[in-house]
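Inspection log for the structure reproduced underneath, given as structure tokens.
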Amino acid sequence: MKQTITALILQAVKSLVEDTSSLNIILERPKSADHGDFATNIAMQLAKPLKQNPRAIAQQIIDGLPANTVISKVDIAGAGFINFFVSADSKQAIVHEIFKSGAAFGRNQAGQAEKVQVEFVSANPTGPLHVGHGRGAAVGDCLCRLLDANGWQVTREFYYNDAGAQIDNLTKSVLARVQGLSPDDAGFPEDGYRGDYIVDIAEAYLAKATITADDMQVTASGDVSDTDSIRKFAVAYLRHEQDLDLQAFQIKFDVFSLESALYSEGKVENTVQSLIASGHTYELDDALWLRTTAFGDDKDRVMRKKEGGFTYFVPDVAYHREKWNRGFKRVINEQGADHHSTITRVRAGLQALDVGIPQGWPEYVLHQMVTVMRGGEEVKLSKRAGSYVTLRDLIEEVGCDATRYFLAARSPDSQLVFDIDLARAQTNDNPVYYIQYAHARICSVLTQWNGDVTSLATADLSPLQSATETALMQALGQYPEVVSSACQALAPHMIANYLKELASALHSYYNDTKFLVDESQVKLARLALITATRTVLRNGLSLLGVSAPEKM
RNA sequence: CUGCUCGUAGCUCAACUGGAUAGAGCACCAGCCUUCUAAGCUGGGGGUUACAGGUUCGAUUCCUGUCGGGCAGGCCA
């Protein structure tokens with residue numbers, strides 16, 4: 001529809017301008033129904049080069065429009081907008097189209113089945129997942145679903161930082177608990193993790209428990225001085241806990257990558273050697289530096305410390321080189337905004353490898369912090385103090401659907417306030433129910449009709465003429481565009497906003513019009529329309545990973 | 001101090017990436033169930049889009065500055 005009208009405008013403009021190649025005809029959907037179904041600002045764009053009044057140009061364009069059956073009326077409005085009113089037939093056609101495509105309606109092939117990897121969550125195995133991880137999980141998973149709907153071949157990946165200082169800290173903390181120490185006792189690690197889950201780990205360790213996580217199985221030795229066993233057990237224990245968190249959130253990963261594997265397989269050392277060979281490093285003060293300033297960083301960064309270990313961004317670079325070598329021409333990292341300073345460093349390291357990795361690779365989607373409120377006060381997220389809201393608690397309190405929706409329905413780059421009392425007390429007022437309710441209402445009507453839904457595919461739609469019906473059909477027609485632009489902007493929240501609008505159009509229709517009327521032709525047309533709406537609600541909700549219940 | 005980011009109704013958030021009279025939900029007021037689910041609908045009040053300039057036919061959106069919040073700025077991760 002949009003393309004058809006754009007082509008018509010282009011035809012008309014060609015009679016006014018010789019060179020149309022630089023012209024970008026923008027067709028948008030006006031907010032107000034008075035302004036038609038589509039509008040273009042092309043006349044205003046042309047006003048300057050043609051040195052004419054925009055409204056006069058608009059009139060010339062209208063006069064030059066080829067004959068067609070799509071447009072029923074054209075207006076000039078405001079400073080020179082051209083408003084197009086689409087004929088009723090053309091609007092109704094969307095219903096048939098949805099019946100034809102079904103679950104595939106809204107999907108496109110823009111990605112051309114190319115590989116894309118999305119890394120998200122990637123929490124350190126030092127504690128259960130909290131709300132902040134939940135936001136990353138919800139946004140990341142929706143991004144994957146969006147990319148899939150846009151024809152990409154998606155790999156979901158979780159990266160474990162299971163090497164380094166924080167794991168040492170975890171080990172020390174568990175060791176202290178195993179030896180019967182409490183955080184207030186002398187000898188408990190100063191920066192140790194104080195949460196109760198450390199006690200759970202210690203008890204399981206002493207009970208010689210066996211833990212299965214992803215691809216590994218670990219049995220505790222129970223030896224109170226065996227730090228190596230404690231380390232392995234603690235990491236496995238927490239990975240298992242995180243698996244359960246993700247399971248409760250209905251998120252599955254295709255690949256788990258381990259930082260420790262990068263070391264044991266020599267890939268970190270390899271990357272360092274490559275960087276040295278490329279000539280972008282130098283020795284200073286007994287340390288090895290990478291000249292990241294050559295790639296846009298504000299200062300050079302240490303790679304190998306004086307004492308010998310590598311700094312954290314070195315394995316990060318090695319890891320991303322691996323991603324590149326695995327054939328991902330497109331990689332998206334979904335992370336908390338507190339990691340933004342690593343972006344420059346990782347990209348600089350990859351550039352310095354001189355292996356043809358593009359400058360803006362990988363892409364990043366950063367989400368801002370989640371502030372948790374309880375009892376009108378902010379709950380500080382402190383892993384050390386052990387005072388924080390776990391993702392699993394949240395899911396148990398407000399449900400998986402509501403939690404996912406709440407965390408994905410907002411633009412990632414604005415801060416999010418998660419009021420636990422509100423989410424718990426007003427479960428029924430959560431916007432997700434508004435959308436699901438629309439779906440359940442449609443299901444209920446169809447159940448009472450008790451006819452063959454597939455037969456509606458060929459229903460005569462000409463009775464659909466009212467304002468609420470027109471508004472609903474227009475909303476349905478927008479869905480494919482929303483799927484496309486949400487993917488381009490890497491903005492899953494656009495889907496959530498769209499679904500709210502679609503649900504609103506359905507509820508208005510429901511209250512305004514009775515569907516199960518005596519007159520058969522009218523009844524079938526209306527049922528066809530709401531069935532098409534149900535399909536789009538389902539398709540949209542599935543992009544968010546939210547269920548579409550038939551009863552509520 | 002420097003960089004990134006955000007600032008929209010009392011609160012939580014939108015605004016199709018520069019469009020027309022800035023929209024929803026909570027909360028407040030007034031209506032709508034003998035009719036398909038009232039977890040809904042209709043109407044009303046509530047705004048100098050933090051502030052000051054600039055760019056242009058047109059700015060919540062882009063640029064500059066100021067103020068305010070968040071996050072970074074380790075040979076920590």
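Letters A, B, ... are given to chains in the order of the sequence lines, protein chains preceding strands, and every chain is numbered from 1.
Figure legend. B:A50 is base-paired to B:U66; pairs are counted as Watson-Crick or G-U wobble with both atom distances under 3.5 Å. Pair check for B:C28 finds B:G44; Watson-Crick or G-U wobble, both atom distances under 3.5 Å. The partner of B:C75, taking Watson-Crick or G-U wobble pairs whose two distances both stay under 3.5 Å, does not exist in any strand shown.
Distance OH (A:Tyr405) to C1' (B:A14): 10 Å, rounded to an integer number of Å. In this entry the distance linking CG of A:Leu506 with C1' of B:U37 reads 12 Å, nearest Å. When the P atom of B:U35 is taken as reference, atom CG of A:Leu516 falls 14 Å away, rounded to whole Å.
Classification of A:Arg538 and A:Glu550 as a salt-bridged pair holds, one side-chain N sitting under 4.0 Å from a carboxylate O.
Within 4.0 Å of A:Thr513, counting heavy atoms only, lies at least one base atom of the nucleic acid. Residue contacts shown for A:Leu416 are limited to sugar-phosphate atoms, with no base heavy atom under 4.0 Å away. Heavy atoms of A:Ala438 sit nowhere under 4.0 angstrom from any nucleic acid atom. Among the protein residues, A:Ser411 comes within range of the sugar-phosphate backbone only, with heavy atoms under 4.0 Å from sugar or phosphate atoms but none that close to a base. The residue A:Asn83 sits close to a base: some heavy atom pair falls under 4.0 Å. At a threshold of 4.0 angstrom between heavy atoms, the contacts of A:Gln488 with the nucleic acid are absent.
Nucleotides B:A38 and B:C32 have their P atoms positioned 16 Å apart, rounded to a whole Å. For the P atom pair drawn from B:A27 and B:C11, the interatomic distance equals 16 Å after rounding to whole Å. Across the P atoms, B:A72 and B:C29 are found 43 Å apart, a figure rounded to whole Å. A gap of 16 Å separates the C1' atoms of B:U17 and B:A22, to the nearest Å. B:G18 and B:C63: their C1' atoms are spaced 14 Å apart (whole Å). Going from the P atom of B:U5 to that of B:U42 covers 39 Å, rounded to whole Å. With both ends at atom C1', the span from B:A24 to B:G44 equals 16 Å, rounded to whole Å. For B:C13 and B:G3, the C1' atoms lie 28 Å apart once the distance is rounded to whole Å.
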Practice task
Summarise how protein sits on nucleotides 69-77 of chain B as a single string, 5' to 3': B when a protein heavy atom is under 4.0 Å from the base, S for sugar-phosphate-only contact, - for no contact.
Solution key: BSBSSSBSB
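Nearer to the 5' terminus of RNA chain B, by closest-nucleotide assignment, is the contact made by A:Pro412 (compared with the other of A:Pro412 and A:Lys514). Comparing A:Arg29 and A:Thr40 along RNA chain B, the residue whose closest nucleotide (by nearest heavy atom) sits nearer the 5' end is A:Arg29.
Considering CG of A:Asp300 and CH2 of A:Trp289, their distance stands at 7.0 Å, rounded to 0.5 Å. To the nearest 0.5 Å, atom OH of residue A:Tyr364 and atom CD1 of residue A:Ile343 are 5.5 Å apart. Note that CE of A:Met44 and CD1 of A:Ile26 are 11.0 Å apart. Values are rounded to the nearest 0.5 Å. The OG1 atom of A:Thr126 lies 11.5 Å from the CG atom of A:Asp162; values are rounded to the nearest 0.5 Å.
If you check B:C41, B:A15, B:C36 against the side chain of A:Asn511, the one that comes closest is B:C41. Nearest to the side-chain atoms of A:Glu28 among the listed nucleotides B:A14, B:G19, B:U37 stands B:G19. In the set B:A39, B:G40, B:C6, the nucleotide with an atom closest to the side chain of A:His507 is B:G40. Closest approach to the A:Val445 side chain among B:A20, B:C13, B:U37 is made by B:U37 (side chain taken as heavy atoms from C-beta onward).
Relative orientation of the A:Phe158 and A:Phe256 rings is tilted, given thresholds of 30° and 60° on the angle between their planes.
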Protein N or O to nucleotides 55-58 of chain B N or O, pairs below 3.5 Å:
none

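The shortest distance between the side-chain N/O atoms of A:Arg526 and the OP1/OP2 oxygens of B:C36 is not below 4.0 Å. The phosphate of B:U42 (OP1 or OP2) has a side-chain N or O of A:Ser508 nearer than 4.0 angstrom. At the phosphate of B:C41, OP1 or OP2 sits under 4.0 Å from a side-chain N or O atom of A:Tyr434. The shortest distance between the side-chain N/O atoms of A:Lys500 and the OP1/OP2 oxygens of B:G25 is not below 4.0 Å.
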Problem - From CA spacing to verdict: ring-ring contact (aromatic ring centres under 6.0 Å, His included), A:Phe38, A:Phe85 - result: CA-CA 7 Å; A:Phe38 293 96; A:Phe85 292 79; over 10 Å; no
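Centre separation under 5.5 Å together with a plane angle under 30° does not hold for the ring of A:Tyr510 and the six-membered base ring of B:G40, so they are not marked as stacked.
In this structure, a donor-acceptor pair under 3.5 Å is absent between the side chains of A:His320 and A:Arg347. A side-chain donor from one of A:Glu469 and A:Ser466 sits under 3.5 Å from a side-chain acceptor of the other.
With a glycosidic angle more than 90° from 0, B:U5 adopts the anti conformation. The glycosidic torsion of B:C33 lies within 90° of 0, placing the base in the syn range.
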Show me, pair by pair, the donor-acceptor contacts under 3.5 angstrom made by side chains of residues 305-319 of chain A, not counting sequence neighbours?
| unit_1 | atom_1 | unit_2 | atom_2 | d |
| --- | --- | --- | --- | --- |
| A:Thr311 | OG1 | A:Val302 | O | 2.7 |
| A:Tyr312 | OH | A:Arg345 | NH1 | 3.2 |
| A:Tyr319 | OH | A:Glu157 | OE2 | 2.8 |

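Using a 4.5 Å heavy-atom cutoff, the side chains of A:Arg231 and A:Val174 are not in contact.
In this structure, A:Arg291 forms no cation-pi arrangement with A:Phe295, as its terminal cationic atom is not both closer than 6.0 Å to the ring centre and no more than 45° off the ring axis.
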